[in-house]
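Before anything else, here's the structure in question.
First listed ligand is number 1; within each ligand, the first listed atom is number 1. Values in this document were obtained by computation on a predicted structure and should not be read as measured data.
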Amino acid sequence: MPENLKDAINGIRAMNFAGVNVTAPHKIEVIQYLDKIEKSAKRFGAVNTIVNENGALVGYNTDAEGLYRYLLKESIDIKNKDILIIGAGGAALPISLFFSECEVKSITIKNRTPEKAHAIAQYVQSDNNFFIEVNNLKKRYDVVINTTSVGMYPDIFKCPIEDFSFIDSDTAVIDLIYNPEETLFLKTSKNRGAKTLNGLGMLIYQGLLAYEHFADIKLPNNTYEIIKKEVFGK
Ligand code: NAP
């Protein structure tokens, strides 16, 4: 509960935990209770990983890099590609900013509330001068990412878009949702021939990156496969 957040954070100090992972809706609120925010988490304006560094609580954000690593693992190279990000919430900002620095060809954000998409576009432009288009869609995209919560259990018959014309058999479609395993958005995209991925891979990778911060180690390359099999039985 948001009102218990401060006590929960103090609990990390009291119990001398090595660190914790933070999920929505606490990723922004938590910042005020930490001792230090690492540079990229500060830029993302959100924290998903808290590390206890000799008593000082330091905030990191591994979400966007987690997604990026997962795409690389799935041989989806975003360099020189047209990217569509659906949604403009807490997950969309780090992804937009991170991807804007990966030599992509273009980024478009499509969101129900245009003001929020414009706010992200302006933020990214002021940060690194990369231009993001808002709600003005191209004919097709190479990579389409759903960062909205639309279609998540129990609302499994909902879909964040109605028009799928910009998705074809050369499009990689990613949904950050992992419950259900195949959202209506992914199913419809797959029916158009697209390569589809759900959010489990990103979840695992952001967690692996968080663990590397907790333990101050580099995990072996096959850790992803081990976690996927042993923890998720996939
Ligand atoms: P958020 O800040 O609450 O943003 C939600 C977004 O969904 C906003 O763009 C919102 O649009 C849109 N939305 C919500 N209901 C809608 C509706 N009925 N119609 C159209 N748009 C709607 O959430 P978040 O933190 O960005 O997280 C978004 C999703 O990503 C969640 O499902 C979360 O579980 C998932 N996620 C997964 C991972 C992973 O590791 N796989 C990591 C982070 C997040 P408006 O701006 O118009 O309100």
Side-chain angles (χ1 to χ4, degrees), residues 2 5 20-31 40-41 44-50 59-74 76 84-99 107-124 132 134-135 137 143-164 172-186 188 196-213 224 227-228 231-232 234:
L5 192 57
V20 298
N21 221 211
V22 182
T23 58
H26 305 300
K27 291 180 184 180
I28 297 168
E29 281 296 302
V30 78
I31 288 176
S40 64
F44 296 152
V47 158
N48 80 333
T49 300
I50 301 172
Y60 295 82
N61 193 318
T62 63
D63 275 336
E65 189 179 345
L67 174 61
Y68 180 74
R69 293 267 198 107
Y70 177 50
L71 295 185
L72 281 186
K73 153 127 196 65
E74 292 290 336
I76 297 169
L84 174 64
I85 295 171
I86 304 168
L93 170 57
I95 292 170
S96 303
L97 189 52
F98 191 98
F99 280 29
I107 298 178
T108 306
I109 300 178
K110 173 179 166 48
N111 193 47
R112 174 180 63 178
T113 311
E115 296 76 21
K116 289 194 196 165
H118 281 295
I120 292 180
Q122 276 163 14
Y123 183 84
V124 171
I132 292 181
V134 171
N135 283 0
L137 301 195
V143 179
V144 176
I145 306 165
N146 175 37
T147 73
T148 78
S149 45
V150 182
M152 189 163 67
Y153 181 85
D155 294 320
I156 59 170
F157 297 112
K158 291 193 177 156
C159 192
I161 54 171
E162 287 169 8
D163 177 10
F164 282 75
V173 178
I174 300 98
D175 200 329
L176 298 202
I177 295 170
Y178 44 86
N179 182 17
E181 275 184 35
E182 186 175 62
T183 55
L184 181 57
F185 170 68
L186 287 186
T188 312
T196 58
L197 299 169
N198 72 19
L200 182 62
M202 173 182 172
L203 181 75
I204 296 174
Y205 268 105
Q206 66 77 28
L208 294 183
L209 291 166
Y211 188 84
E212 290 188 340
H213 286 303
Y224 172 80
I227 300 288
K228 201 172 167 206
V231 179
F232 296 98
K234 309 266 181 232

Open item on the list: Working to the nearest 0.5 angstrom, can you tell me the gap between L84 CG and N146 CG?
Closed with: 9.5 Å
- [ ] Looking only at protein heavy atoms, identify the closest one to atom 18 (N) of ligand 1 and say how far it is in Å.
- [x] R112 NH1, 3.4 Å
Open item on the list: Please list the nearest protein heavy atom to atom 37 (C) of ligand 1 with its residue and the distance rounded to 0.1 Å.
Closed with: L176 O, 3.4 Å
Open item on the list: Ignoring hydrogens, what is the shortest heavy-atom contact between T113 and N111? Give both atom names and the distance.
Closed with: O-ND2, 3.0 Å
Task: Subset of ligand 1 atoms that lie under 4.0 Å from at least one heavy atom of K27 - done: 43 (C)
Task: Within-cutoff protein neighbour (heavy atom, under 4.0 Å) for atom 33 (C) of ligand 1 - done: no
Task: For K116, atoms of ligand 1 separated by under 4.0 Å from a heavy atom - done: 45 (P), 46 (O), 48 (O)
Task: Shortest heavy-atom approach to atom 6 (C) of ligand 1 - which of T148, I95, T62, L93 - done: T148
Open item on the list: One residue to check: M202. Relative to ligand 1, which of side chain, backbone, both or neither has a non-hydrogen atom less than 4.0 Å away?
Closed with: both
Task: Heavy-atom closest contact (G89 atom, I120 atom, distance) - done: O-CD1, 4.3 Å
Task: Enumerated ligand 1 atoms positioned under 4.0 Å from heavy atoms of G87 - done: 9 (O)
- [ ] Please indicate whether F164 has more than 12 foreign heavy atoms, meaning atoms of other residues, nucleotides or ligands, lying under 6.0 Å from its CZ.
- [x] yes
Task: For G87 against I109, the heavy-atom pair lying closest together - done: O-CG2, 3.4 Å
Task: Nearest-neighbour protein heavy atom for atom 31 (C) of ligand 1, which is reported as residue plus atom name and distance - done: S149 CB, 4.0 Å
Open item on the list: Which of the numbered atoms in ligand 1 are under 4.0 angstrom from any heavy atom belonging to T113?
Closed with: 45 (P), 46 (O), 47 (O), 48 (O)
- [ ] Step through the shown structure and confirm whether more than 12 heavy atoms of other residues, nucleotides or ligands are within 6.0 Å of CD on E74.
- [x] yes
TODO: Compare every heavy atom of I28 with every heavy atom of G45, then report the nearest pair and how far apart it is.
DONE: O-CG1, 3.5 Å
- [ ] Please could you name the atoms of ligand 1 that Y178 approaches to less than 4.0 Å, counting only its heavy atoms?
- [x] 41 (N)
Open item on the list: Can you confirm whether some protein heavy atom lies under 4.0 Å from atom 3 (O) of ligand 1, or whether none does?
Closed with: no
Task: Result of checking D175, N198, T196 against T183 for side-chain hydrogen bond (donor to acceptor under 3.5 Å, both in side chains) - done: D175
Task: Closest to atom 23 (O) of ligand 1 among G90, G151, P25 (heavy-atom distance) - done: G90
- [ ] Identify, for atom 26 (O) of ligand 1, the protein heavy atom at the shortest distance, and state residue, atom and that distance.
- [x] A91 N, 2.7 Å
Open item on the list: If I compare all heavy atoms of N61 with all of P94, which pair ends up nearest, and what's the gap?
Closed with: ND2-CG, 4.3 Å
Task: Note, T49 side chain near N21 side chain (heavy atom, < 4.5 Å) - done: yes
Task: Part of T147 with heavy atoms under 4.0 Å of ligand 1, whether side chain, backbone, both or neither - done: backbone
TODO: Can you label the angle between the Y205 ring and the Y70 ring as parallel, tilted or perpendicular, going by 30° and 60°?
DONE: tilted
Open item on the list: Does any N or O of ligand 1 fall below 3.5 Å from an N or O anywhere on G199, backbone included?
Closed with: yes
Open item on the list: Just to be sure I read this right, does ligand 1 sit under 4.0 Å from the backbone of V150, its side chain, both, or neither, counting only heavy atoms?
Closed with: side chain
Task: Closest non-hydrogen atom pair, G151 against P180 - done: O-CD, 3.4 Å
TODO: Give the atoms of ligand 1, by number and element, whose distance to some non-hydrogen atom of M152 is under 4.0 Å.
DONE: 32 (O)
Task: Contact atoms of ligand 1, heavy-atom distance to I177 under 4.0 Å - done: 32 (O)
TODO: Would you mind running through ligand 1 and noting each atom that sits below 4.0 Å from a heavy atom of A88?
DONE: 9 (O)
TODO: Report the relative orientation of the aromatic rings in Y60 and H213; use parallel for angles under 30°, tilted for 30 to 60°, perpendicular for over 60°.
DONE: parallel
TODO: Report the part of N111 (side chain from C-beta onward, or backbone N, CA, C, O) that has a heavy atom under 4.0 Å from ligand 1; answer both or neither where that applies.
DONE: side chain
